[in-house]
Amino acid sequence: MRLCQMQVRQIQEKDWEACWHIQRSEHPHDAPFSADTWLFICKNLTDSFVVVDEDDTPVGYWLGVLKINPHEKTPDIWCLAIDVCTHRDHRKSGVMDLIMPVATQYHQRIYAFTQKENKPAEGIMTKWGFEKGWYSEEHNMYYWTYEREDNVS
């Protein structure tokens, strides 16, 4: 699939089933979301995005929710990146190069966690300007933050 045929848009309720399939396409997620959870996400997490093909079918997603970030010295509202995934059939096709600029332009501040051994996620985070923070041995995860330079806070 060519990159120029894909585009980014906000997630919509109709995307739940495609996102359900994307997450199950060799995603390292310990407990994939149920169909009901995906329906809830697609209906309510409007700060999230999908990359769609020429048929408007999602091939990748970026899930985010606004919340107080308790991990900073001064807790404030940030976007927590909950999960990011590309369908296995579209990996290395530029899906993240489409969605990450949209997510980082849309959100002033983002925080996320990645599994220690998730090298693709680490590469994406580094490429798009996220700072690698502390490591939690208990959860085997790294803490990442992104703050856009034009942040007005």
Measuring only between side-chain heavy atoms, which start at C-beta, is [X] closer than 4.5 Å to [Y]?
| X | Y | result |
| --- | --- | --- |
| Trp16 | Ile41 | no |
| Ile22 | Trp38 | no |
| Val95 | Val51 | yes |
| Tyr146 | His107 | no |
| Ser25 | Arg91 | yes |
| Met100 | Phe130 | yes |
| Phe49 | Ile11 | no |
| Ile110 | Thr104 | yes |

When you compare the side chains of [X] and [Y], does any donor N or O come within less than 3.5 Å of an acceptor on the partner?
| X | Y | result |
| --- | --- | --- |
| Asn140 | Glu117 | yes |
| Glu147 | Trp78 | no |
| Ser48 | Trp62 | no |

When rounded to the nearest 0.5 angstrom, what distance separates [atom1] in [X] from [atom2] in [Y]?
| X | Y | atom1 | atom2 | answer |
| --- | --- | --- | --- | --- |
| Leu66 | Asp47 | CG | CG | 4.0 Å |
| Glu149 | Gln108 | CD | CD | 11.5 Å |
| Cys85 | Met96 | SG | CE | 7.0 Å |
| Ile124 | Ile99 | CD1 | CD1 | 10.0 Å |
| Lys116 | Ser136 | NZ | OG | 11.5 Å |
| Thr145 | Met125 | OG1 | CE | 8.5 Å |

Between [X] and [Y], which heavy-atom pair has the shortest distance, and what is it?
| X | Y | value |
| --- | --- | --- |
| Thr114 | Ala121 | CG2-CB, 3.9 Å |
| Leu98 | Met6 | CD1-CB, 3.7 Å |
| Val50 | Cys19 | CG1-SG, 4.0 Å |

Residue Ile68 excluded, over 12 heavy atoms near CD1 under 6.0 Å: yes
Whether over 12 other heavy atoms sit under 6.0 Å from Gln10 CD: yes
Same apolar cluster: Val65 and Ile77, side chain cutoff 4.5 Å: no
Aromatic ring pairing Tyr143/Tyr111, orientation class (parallel under 30°, perpendicular over 60°, tilted between): tilted
Plane angle bin for His71 and Phe113 - parallel if under 30°, tilted between 30 and 60°, otherwise perpendicular: perpendicular
Is there a donor-acceptor contact under 3.5 Å from the side chain of [X] to the main chain of [Y]?
| X | Y | answer |
| --- | --- | --- |
| Asn44 | Phe40 | yes |
| Gln23 | Pro32 | no |
| Thr126 | Gly123 | no |
| His87 | Asp89 | yes |
| Arg109 | Cys79 | no |

Asp15 and Arg9 ion-paired at < 4.0 Å: yes
Check ion pair Lys132-Glu122 (N to O, under 4.0 angstrom): yes
Intermediate values then yes/no, side-chain contact (heavy atoms from CB on, under 4.5 Å), Thr86 and Lys92: CA-CA 9 Å; Thr86 300; Lys92 299 187 184 204; over 6 Å; no
